[in-house]
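One-based numbering, in listed order, for ligands and for the atoms of each.
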Amino acid sequence: MSNESINWDKLGFDYIKTDKRYLSVWRNGEWDKGTLTEDNVLHISEGSTALHYGQQCFEGLKAYRCKDGSINLFRPDQNAARMQRSCARLLMPHVPTDVFIEACKQVVKANEKFVPPHGKGALYLRPFVIGTGDNIGVRTAPEFIFSVFAIPVGSYFKGGMKPHNFQISSFDRAAPQGTGAAKVGGNYAASLQPGAEAKKANFADAIYLDPLTHTKIEEVGSANFFGITANNEFVTPKSASVLPGITRLSLMELAQSRLGMTVIEGDVEISKLDRFVEAGACGTAAVITPIGGIEYNGKLHVFHDLEKVGPVTQKLYNELTGIQSGDVEAPAGWIVKVA
Ligand code: PLP
Ligand code: COI
């Protein structure tokens with residue numbers, strides 16, 4: 001596909017077939033050396049555990065075009081480490097960090113023409129590991145595939161950096177000691193119905209409460225929650241069933257080191273939302289999406305404003321996106337140059 005048909009100003013979050021993807025197969029106890037391929041269709045056994053028993057995990061990270069034309073990857077070592085934890089949870093072989101980062105770099109280089117211009121989105125990388133090979137019992141697969149593909153993307157939530165409203169779901173996406181902290185497809189399958197219900201009711205997505213007591217906010221669809229208090233605190237849920245987001249981790253570090261805030265990982269009771277003067281969702285796809293209001297039990301709780309972005313959320317956004325696209329100095333080790 002040529003990149004000439006792409007309108008960089010109108011990019012959303014949709015599948016676009018780019019030129020090359022990385023593919024590696026695990027067989028007889030080891031990964032092969034991996035290759036780039038033009039074929040975007042996988043040919044796998046009908047007995048693959050990924051198809052029946054959800055033995056698969058994935059990652060999401062972005063490559064950003066800098067002003068000087070060079071390309072940044074943001075904290076890919078953190079994605080590699082999280083994928084290793086997801087693989088361990090589902091008894092899949094882990095991909096070493098250097099192999100993971102090298103695969104990402106190769107895919108970005110091979111699809112360089114799809115990296116949007118500076119400030120106009122990013123090239124989203126989707127690494128994944130799936131259980132494959134002939135099998136029928138509930139057990140770990142005899143073979144695996146590790147692949148990375150890439151898609152140019154803009155905003156995940158329509159309109160991007162403006163307040164969005166969310167709806168508390170009565171469903172859970174993960175169990176208290178389940179797989180919530182792993183980035184595995186089953187969590188997302190569980191989120192399809194609540195997400196669709198929220199969208200049907202004109203909300204951007206569903207928010208999940210803690211699965212044990214349903215009294216505390218856990219996660220905002222495919223992103224993490226944060227709240228800002230009038231006392232200059234950055235608060236984000238602590239829970240074994242929340243996905244430990246890399247954006248969230250980065251914002252916790254930046255809130256403290258650059259904005260002088262107090263960072264609290266703790267309970268976010270749904271009955272005490274008044275403590276927050278601003279709130280937001282954060283993630284690789286969501287970047288920072290301000291939360292205008294949250295609907296719970298038929299009432300909309302408004303944080304800062306339904307139209308305007310709060311000042312602290314805006315500062316965090318500027319710092320994070322500035323670092324990612326090379327305009328603001330990054331903490332040591334956060335940026336890996338591709339080219
Ligand atoms: N929570 C869920 C369920 C997600 O899918 C994501 C996206 O990856 C996040 C949180 C945020 O994680 P990250 O910042 O690493 O993208
Ligand atoms: C990401 O931000 O990378 C995500 O995983 C969100 C995705 C499920 C669309």
Side-chain angles (χ1 to χ4, degrees), residues 11-16 56-64 73-86 89 100 104 121-129 148-158 160 164 166 169 171-175 178-192 194-196 198-199 204-211 217-226 234 236-255 265 268 280-289 291 316-317 320-321 323-324 334:
L11 278 176
F13 200 85
D14 299 300
Y15 185 85
I16 293 171
Q56 66 84 245
C57 68
F58 67 97
E59 273 304 320
L61 69 161
K62 284 174 171 171
Y64 306 83
L73 282 176
F74 183 68
R75 310 192 80 175
D77 55 322
Q78 294 287 336
N79 293 91
R82 187 170 64 190
M83 198 169 85
Q84 289 158 8
R85 295 195 300 272
S86 300
R89 181 66 179 80
F100 180 97
C104 291
L123 188 70
Y124 181 73
L125 301 180
R126 173 52 65 85
F128 62 94
V129 176
V148 183
F149 65 92
I151 299 174
V153 298
S155 301
Y156 182 66
F157 291 116
K158 208 165 171 268
H164 287 69
F166 293 82
S169 176
F171 288 107
D172 300 322
R173 65 177 277 283
T179 54
K183 203 161 167 60
V184 302
N187 301 337
Y188 297 83
S191 77
L192 290 176
K199 281 167 204 156
D205 210 336
I207 290 189
Y208 300 95
L209 298 179
D210 72 289
I217 287 187
E218 287 234 313
E219 214 140 19
V220 190
S222 299
N224 291 121
F225 177 89
F226 69 84
F234 178 96
T236 186
K238 184 178 176 68
S239 159
S241 45
V242 164
L243 188 80
I246 292 150
T247 317
R248 167 188 185 269
L249 176 72
S250 306
L251 291 179
M252 286 163 73
E253 293 172 22
L254 294 173
E265 230 187 319
V268 176
C282 62
T284 301
V287 193
I288 290 180
T289 302
I291 301 180
L316 287 167
Y317 178 89
L320 176 75
T321 57
I323 289 170
Q324 289 168 332
W334 281 24

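Side-chain contact, S250 with R75: a donor N or O sits under 3.5 Å from an acceptor N or O. One side chain, N187 or T179, offers a donor N or O that lies under 3.5 Å from an acceptor on the other. Under the 3.5 Å distance criterion, with hydrogens and angles disregarded, no donor-acceptor pair is assigned to the side chains of E218 and Y208.
Nearest protein heavy-atom neighbour of atom 12 (O) of ligand 1: G245 CA, 3.3 Å. At the shortest separation from atom 3 (O) of ligand 2 among protein heavy atoms lies Y124 OH, 2.6 Å. Here the protein heavy atom with the shortest distance to atom 14 (O) of ligand 1 is T247 OG1, 2.6 Å. Protein heavy atom closest to atom 6 (C) of ligand 1, with residue, atom name and distance, is S222 O, 3.2 Å. Of the protein's heavy atoms, S222 CB, 3.7 Å lies nearest to atom 6 (C) of ligand 2.
Under the ring pair (Phe, Tyr, Trp, His ring centres under 6.0 Å) test applied with Y124, the options Y15, Y156, F13 reduce to a single match, F13.
A salt bridge does not link E253 to R248: none of the charged nitrogens lies less than 4.0 Å from a carboxylate oxygen. In this structure, K183 does not pair ionically with E59, as no charged nitrogen and carboxylate oxygen lie closer than 4.0 Å.
Note that CG of L316 is 6.0 Å distant from CZ of F234, once rounded to the nearest 0.5 Å. Put simply, OG on S241 and CG on D172 are 8.5 Å apart, with the number rounded to the nearest 0.5 Å. The CD1 atom of I16 sits 7.0 Å away from atom CD1 of I151, with the distance rounded to the nearest 0.5 Å. In this structure, T247 OG1 and F74 CZ are separated by 6.5 Å, a value rounded to the nearest 0.5 Å.
The shortest separation from a heavy atom of R126 to ligand 2 is under 4.0 Å, placing the residue in contact. Assignment of G60 to the shell around ligand 1 is not supported, since no heavy atom sits closer than 4.0 Å.
Not one N or O on the side chain of K62 forms a donor-acceptor pair closer than 3.5 Å with the backbone of L125. For Q56 (side chain) and F128 (main-chain N/O), no donor-acceptor pair under 3.5 Å exists by modelled atom type.
Close N/O approach between T284 and ligand 1 is found [any backbone or side-chain N/O within under 3.5 Å]. Checked against a 3.5 angstrom limit, the closest N/O atoms of A285 and ligand 2 fall inside it. Remark: ligand 1 and L243 share no N or O pair separated by less than 3.5 Å (distance only, no angle test).
The contact set between ligand 1 and G221, taken as ligand atoms under 4.0 Å from a residue heavy atom, comprises 3 (C). Listed by atom number, the atoms of ligand 2 under 4.0 Å from Y156 heavy atoms are 9 (C). Each of the atoms 4 (C), 5 (O) of ligand 2 lies under 4.0 Å from some heavy atom of K183. For ligand 2, the atoms lying closer than 4.0 Å to a non-hydrogen atom of F13 are 9 (C). Listed by number with element, the atoms of ligand 1 under 4.0 Å from a non-hydrogen atom of Y188 are 2 (C), 3 (C), 4 (C), 5 (O). In the vicinity of G283, heavy-atom distances shorter than 4.0 Å reach the ligand 1 atoms 11 (C), 14 (O), 16 (O). Using a 4.0 Å cut-off to heavy atoms of Y188, the atoms of ligand 2 that qualify are 8 (C). Near E219, meaning under 4.0 Å from one of its heavy atoms, ligand 1 places the atoms 1 (N), 2 (C), 3 (C), 10 (C). Taking a cut-off of under 4.0 Å to the non-hydrogen atoms of T284, the atoms of ligand 2 that pass are 2 (O), 3 (O).
Residue Q78 does not touch ligand 1, judged by heavy-atom distances below 4.0 Å. In A285, neither the side chain nor the backbone holds a heavy atom less than 4.0 Å from any atom of ligand 1.
When all heavy atoms of P194 and A206 are compared, the pair lying nearest together is O-CB, 3.8 Å.
Nearest-residue assignment for atom 8 (O) of ligand 1 (options R82, K62, K183; heavy-atom criterion): K183.
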